[in-house]
Amino acid sequence: MVVLVCISFLGACAQNMQAIGDMYKASRTNDDPNRFAIATLNPQFRYLEVHGPGVQALMALGFVEPVDGQPPVETWYGGDNELLRLQGGHLLGLTGVAQDEVAIQYTWQSKNDLATLLPVKRTMDDPAKQAFGVQQTLAHSIVPAQQVPTRGSALRTRLMKVHQELLWLRIEVAGGDIPASLYAYSPAGAMVYGSQCIAATRCYEWLYRNIPGTNP
Amino acid sequence: MTFKPIATALLCMLVSAPVWAYETRQGERLSALLMREKLLPGLVYAKTGEPLQLSGMLLKRAELIPPQTLQKTQLLTLMHTLGLNGSSPLGTLVQNLPVTGRQLLPSQDAHEMVVKPPLDPVLQAIDTVTVPARSAHVAVVSDKGFCVTAAVPLTSLQAYLDTCFAKSAWYQLGEGFDWVWLVKPSGEVQKLPVGLWNRVQQIAPEPGSWIVAPSRGGAWPTDLVEKLSAFLATQGVVPADIEKFNPGLSKPLPPKADIALADQVRPLGVRPTRSDWGNVGLLQMPSARMSDAGTISVTASRVEPYSRYSFIYQPFDWLEAGFRYSIITNRSFGAASFSGDRKYQDKSVDLKLRLLQETAYLPQLAFGLRDIGGTGLFSSEYLVASKRTGTLDFTLGLGFGNMASSGGVSNPFTFLSEQFRVRPQLTAGIGGEANSDTYFRGPGAIFGGVEWQTPWSDLIAKLELDGNDYSKEPLSNPQEHTSPFNYGLVYRVNDSVDFTMGVQRGTTMSFALAFKENVSRYAAPKLTDPKPVEITAGPRPTVTDWKNTLIAIEQQTTWSVQRVQQRGSELQLVVENPEVTYPKQAVDKATAVLHENTPENVNWFSFSYKNRGLDVAEHVVDRRRWMDGKTELTIEKPHAEPVVAVAPGKAEYREVADNTKPWYKASVGLGYQQTFGGANGYLFQFTAYGRGELRLGEQTWLAGRVDHVLGGTFDKFTQENTSLLPRVRTQFRDYARASDTKLSNLQLNHVGQLADNHFYSLYGGYLEPMFGGVGGEYLYRPFNSRLALGIDLNRVRQRAFEQDFDFQRYTVNTGHVTAYVDTGFQDILASISVGQYLAGDRGATLDLSRVFKNGVKIGAYASKTNVSAEQFGEGSFDKGIYVRVPFDALFTSTVPGDASFVWTQVTRDGAAKLQRGLRLFDQTELRDPRALSFESALNCAVQCKEQ
């Protein structure tokens with residue numbers, strides 16, 4: 001981007017100073033990982049703050065689809081109509097977020113310490129990686145709050161500053177180099193936060209912004 | 001197999017092929033049906049719990065049955081003419097596959113369709129929607145046979161080909177596969193390279209895909225392959241019961257997965273990287289490889305005693321050209337008393353032309369010239385071939401001149417003339433001449449090497465045989481060398497930056513940093529533009545609030561709307577002096593505002609563009625068709641473009657709203673100018689400026705600009721005039737230093753039209769910083785024509801250095817006849833002008849440029865006049881290279897204008913043109929037949945890459 005700006009400057013004249021300023025402002029704003037932290041939220045809607053590779057978005061809940069014997073599916077929309085789908089707080093699909101696309105199907109199991117449905121297997125279609133129908137087994141464990149890493153995660157950092165009483169769940173993909181997923185549940189059992197990687201450098205995290213009593 | 005909708009959500013499951021059909025309702029959106037049936041990504045199950053494959057969904061539309069029946073008939077006819085009758089495997093396949101009437105869907109995700117209505121079709125009751133069970137097969141259709149095998153995750157196309165056809169046969173002459181057409185269940189068709197010589201990365205087909213694989217040298221022409229692929233795209237997934245009506249197909253064992261679930265897709269080829277000289281190549285030596293068209297690179301390299309800064313342009317896939325500054329750090333520019341500690345600097349121009357594209361058996365072949373003309377210190381010529389196999393790319397070349405000073409090969413061209421035996425010594429003259437009498441002369445030397453794409457995608461290793469004997473370096477500057485082999489590593493820092501480190505001559509470390517950008521893909525999302533207007537269907541307002549509507553249009557488009565007028569059901573906006581990079585985008589935005597704010601009975605919107613009162617062009621929008629395209633996924637019809645360009649008409653309109661602008665306008669701002677090239681390299685200047693315009697009539701106006709210098713390096717321009725011509729441009733320093741406040745321009749203009757395609761202008765005043773006077777221009781430019789012809793005549797006088805109201809004594813007549821030709825070949829625009837220049841010299845200027853679809857222009861020009869090289873001075877004749885990038889491709893806001901980067905070899909007095917601020921060709925650019933085709937590279941990711 002710096003190169004582009006430099007080239008554009010060659011021969012530029014002042015009528016474009018406004019455009020340069022706008023772009024600078026936009027890029028500064030886009031880079032700030034806490035830019036949505038103080039956003040005023042409309043209580044009529046539910047919001048999800050999503051961070052991914054080179055992208056941050058505040059998304060609004062569009063649809064909730066109940067599914068027989070499985071957690072409901074939430075479809076969240078960003079300002080550019082990018083779309084993120086969560087099932088029980090687990091990443092089900094991405095369309096357009098960071099120009100990424102993925103679709104996952106889960107096999108669910110209910111016997112766990114959280115007394116909630118958790119995925120035990122997943123089948124992933126990941127066109128960017130030429131992977132279709134890749135089946136992966138998932139393993140769960142509870143993580144003490146003090147062992148939850150905050151480095152490199154603005155959302156976890158913000159969340160941990162405000163809430164120490166959350167229950168943290170770690171899910172590992174068997175036999176791969178994909179980093180483990182992390183999820184945080186409120187004492188009432190509502191999912192507050194999730195992070196999940198599709199590949200080693202394609203990790204997404206999300207924070208439910210206006211669940212009562214959990215907004216950091 | 002056909003399906004009839006019945007009144008239940010789930011119709012039936014076919015016994016032979018597990019496909020589920022769903023009821024459609026008249027006027028219902030597809031997204032609504034998919035949500036009703038819970039057919040959502042990650043959640044697609046039949047009522048029986050069986051997983052379904054959403055990408056293989058068929059939306060079968062009655063309207064598409066006739067054209068697809070014709071499509072199948074044409075395919076069968078073509079096959080018949082090729083001797084592929086019904087008993088052949090392909091014949092059996094095509095005859096048994098049904099005409100489906102499938103409409104291809106850009107998205108199968110209902111929730112995406114909901115927020116992107118142009119992706120969401122409106123259904124009719126007679127349409128059918130079917131979704132197949134998750135496919136477990138991949139089919140390979142080839143002239144070598146027809147094969148269906150189990151789909152295995154993480155398995156490449158190559159693995160499927162290996163499974164279906166004995167790989168040993170691939171290595172026989174004439175055997176193997178170079179390209180396949182991958183037909184995905186969604187109907188998307190991709191042509192992909194699969195040969196050892198051309199494949200780029202592993203591609204895994206989605207289960208249910210068809211792979212159409214014509215064998216190398218086989219009997220299937222491309223036309224057949226494309227028609228077959230288009231037909232298979234209407235089928236969805238490979239039918240589970242395909243064996244039933246194709247008993248001859250083979251069913252080999254499933255292939256083995258060969259794609260690692262690693263973070264990056266492993267590259268199978270060698271991407272082009274830069275040599276120390278900036279062009280695509282090895283370390284010192286070039287290869288026959290090229291970058292993608294539109295690539296611009298800047299390479300800085302250091303290998304003792306040379307520092308090189310190369311600027312290389314790739315306007316076409318087949319042409320690489322650029323220039324370079326070489327600094328020889330152990331040689332001084334001159335005596336210390338004259339140049340201090342300044343090091344010797346040499347400028348050079350390079351050219352490389354691709355002669356032959358690589359095929360399975362033939363290498364890519366290129367011809368190149370290094371350091372053309374000038375002092376020719378490193379003057380070299382070469383023929384080079386590159387051939388790839390897998391991750392190894394081999395290069396072999398024959399060079400002449402500096403790069404081949406090791407010799408060893410007697411000149412092969414001596415059979416043409418004995419003159420080729422000896423390479424004449426170049427004299428360090430005034431530069432600029434082509435030195436063509438040395439080309440390919442003297443002994444040659446073999447050079448070559450190999451590049452290896454390592455398993456780490458960011459790392460490429462290079463080994464080369466250097467044709468240069470460094471003991472014979474120019475300027476009596478021999479360098480120690482113990483080995484003719486150089487080796488090194490190229491590390492990709494990111495997509496734009498490569499860092500190379502190597503060992504050369506057996507003794508010396510080398511370093512190079514290359515920056516590259518593809519300007520044809522420049523695009524910026526419009527994050528800071530006003531929010532786009534949401535386009536809706538349904539009832540329209542009965543009256544229009546024109547004040548707010550016009551404000552919205554001007555904010556959305558940056559247009560200035562003069563008035564609104566109506567004729568029957570056509571509503572016309574008269575737009576003044578539109579300056580937009582992407583006219584179609586502006587039309588879309590304006591139409592969106594009009595569509596939301598104008599009554600139902602308006603069927604047509606038209607935009608009449610008036611540049612200074614000149615009728616330039618009109619764009620007409622079919623409102624209904626435009627709205628359909630924006631609010632639903634329509635069935636594509638040929639020749640049904642909703643926006644068309646037409647020649648301005650003479651019809652009478654009734655005025656609806658007037659939006660006349662003030663008779664004056666003024667602005668202040670920061671200005672920036674730069675020069676690049678010439679003896680002083682890069683010079684720049686910042687100014688604060690004020691400019692204004694008084695409108696004296698619709699076609700007459702007074703415009704001016706005053707600059708005040710804030711800082712810069714223009715006053716460091718030191719070049720002394722060595723030409724014998726009047727000093728019309730080389731008194732640059734005097735103009736820069738005489739005064740800080742300057743009247744850069746003040747001129748009275750008048751334009752008019754003699755007839756529809758005939759335009760004229762008259763102007764007078766302080767026309768540019770160095771000249772003032774009077775002049776006029778005539779332009780003949782038919783609407784939508786590739787040709788235009790202009791004549792400009794000017795009587796000008798040189799202005800005082802202070803750039804105030806005074807003049808100097810030098811007066812001259814200058815003007816040109818200019819022909820503009822849009823060649824229609826690879827977007828090349830050519831202009832040739834013949835006439836008299838500012839110094840009174842006469843000659844011609846040829847300007848060739850390529851304008852990419854995103855509006856970026858790369859070009860070069862050269863002027864030759866009737867002054868001798870000695871009279872002209874350094875450079876011998878005027879020439880330069882330029883890039884123009886529209887601000888719209890760079891900024892997050894829609895902004896008119898563009899950024900220019902011009903490199904001239906040296907600023908001279910010969911072939912200098914008057915810098916006319918008012919040019920009729922620019923004023924009438926909307927008459928260009930390509931005007932509506934320019935668009936942001938964000939909208940044309942695929943097409944822009946392919947152009």
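Basis for what follows: all heavy atoms, side chains included, without hydrogens, waters or symmetry-related copies. Every value quoted in this text rests on a predicted model; they were computed, and no experiment measured them. The sequence lines fix the lettering, A, B, ..., with proteins before strands; numbering per chain opens at 1.
When heavy atoms are compared at a cutoff of 4.5 Å, A:Gln135 does not approach chain B at all. Looking at B:Leu54, there are no atoms closer than 4.5 Å to chain A (heavy atoms on both sides), in backbone or side chain. Neither the backbone nor the side chain of A:Asp68 comes within contact range of chain B; no heavy atom of the residue lies under 4.5 Å from a heavy atom of that chain. Contacts between B:Val298 and chain A at a heavy-atom distance below 4.5 Å are absent for every atom of the residue. For B:Pro205, the part sitting under 4.5 Å from any heavy atom of chain A is the backbone (N, CA, C, O) and nothing else.
Side-chain N/O atoms of B:Asp109 and B:Ser107 include no donor and acceptor closer than 3.5 Å. Side chains of A:Gln147 and A:Arg170: no donor on one and acceptor on the other come within 3.5 Å. A side-chain donor from one of A:Arg156 and A:Tyr193 sits under 3.5 Å from a side-chain acceptor of the other. One side chain, A:Thr75 or B:His111, offers a donor N or O that lies under 3.5 Å from an acceptor on the other.
With sequence neighbours excluded, the residues forming a side chain to side chain contact (heavy atoms under 4.5 Å, CB included) with B:Leu513 are B:Val497, B:Phe499, B:Phe515, listed by chain and number. Shown here are the salt bridge (Lys or Arg N to Asp or Glu O under 4.0 Å) partners of B:Asp120, two or more places apart in sequence or in another chain: there are none.
Only one option out of B:Pro153, B:Ser55, B:Pro207 pairs with A:Phe132 in a side-chain contact (heavy atoms from CB on, under 4.5 Å); it is B:Pro207.
Using a 4.0 Å cut-off between a side-chain N of Lys or Arg and a carboxylate O of Asp or Glu, B:Lys184 and B:Glu206 do not qualify as a salt bridge.
With chain B as the partner, the residue from A:Asp125, A:Thr123, A:Asp126 showing the most heavy-atom pairs under 4.5 Å is A:Asp125.
The stretch residues 882-896 of chain B participates, sequence neighbours left out, in these salt bridge (charged side-chain N to carboxylate O under 4.0 Å, His left out) pairs: B:Lys526-B:Asp888, B:Arg884-B:Asp898.
Contacts between residues 81-91 of chain A and chain B, defined by a heavy-atom separation under 4.5 Å, are made by A:Asn81, A:Leu83, A:Arg85, A:Gln87.
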